[in-house]
Amino acid sequence: MASIMRSSMSLAALSNQALVSGTRTSNPNSVSLSINGRNFPSITLQPRGRRFQFRCAAKPETVKKVCDIVKKQLALSEDSTVTGESKFAALGADSLDTVEIVMGLEEEFGITVEEDSAQSIVTVQDAAEMIDKLLENKA
């Protein structure tokens, strides 16, 4: 369970533990967790009016692979800048390009992406987070 009050944050586990040990905050908008020696991706809080949206960051290596696949599928030059925040549409991808990107991701990562999930992918970060989630569920 997470609670946010102004610029401070505390995390409490739902089990018998009172607080999660190994919590590290880099700024009021993100937190990294390490529980029993297992590291978890950073959690980024994105303000949405008066509410916050929790968003788990994908592994950096997943984001890098997705960036490389997007560059290849869209025939972008090697010096083109593609980041986690890059939107497929802003990179010049149409709906057919997006389908080809998803197919490339499925092949590279050995996953199957449901049509509903594929339609919700807007950015490279969205794709990387979906891949990490699918791989975690597959394991």
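Quick caveat, the model's predicted, so the values are computed rather than measured. Counting begins at 1 with the first residue of the sequence.
Considering only heavy atoms from C-beta on, Val70 comes within 4.5 Å of Phe88 through its side chain. Residues Asp126 and Thr123 have side chains in contact (heavy-atom distance under 4.5 Å, counting atoms from C-beta outward).
Hydrophobic clustering, with ILVMFWY side chains joined whenever heavy atoms are under 4.5 angstrom apart, keeps Ile101 apart from Val122. Under a hydrophobic-cluster definition in which Ile, Leu, Val, Met, Phe, Trp and Tyr are linked whenever side-chain heavy atoms come within less than 4.5 Å, directly or via other members, Val99 and Leu91 are assigned to different clusters.
Residue Val124 comes nearest to Cys67 through the heavy atom pair CG1-SG, 3.7 Å, listed as atom of the first residue, atom of the second, then distance. Taking both residues in full, the closest heavy atoms of Glu129 and Ala58 are given as N-CB, 3.7 Å, listed atom of the first, atom of the second, then distance.
Rounding to the nearest 0.5 Å places CD1 of Ile69 at 12.5 Å from CE of Met103. Taking NZ of Lys65 as the start and NZ of Lys59 as the end, the distance is 10.0 Å to the nearest 0.5 Å. Residue Lys87 holds its NZ atom at 14.5 Å from CD1 of Ile121, rounded to the nearest 0.5 Å.
No side-chain N or O of Thr98 forms a donor-acceptor pair with one of Ser95 less than 3.5 Å apart.
Between Asp68 and Lys72 there is no salt bridge, since none of the side-chain N atoms of the basic residue sits less than 4.0 Å from a carboxylate O of the acidic one.
Test Leu134, Ile131, Leu105 against Val113 for side-chain contact (heavy atoms from CB on, under 4.5 Å) and you get one pass: Leu134.
Counting heavy-atom neighbours within 6.0 Å of Glu107 CD, excluding the residue itself, gives a total of 12 or less. Counted within 6.0 Å of NZ on Lys71, heavy atoms from surrounding residues, nucleotides or ligands total more than 12; the atom is thus considered enclosed.
Looking at Asp97, its side chain never comes within 3.5 Å of a backbone N or O of Leu74 through a donor-acceptor pair.
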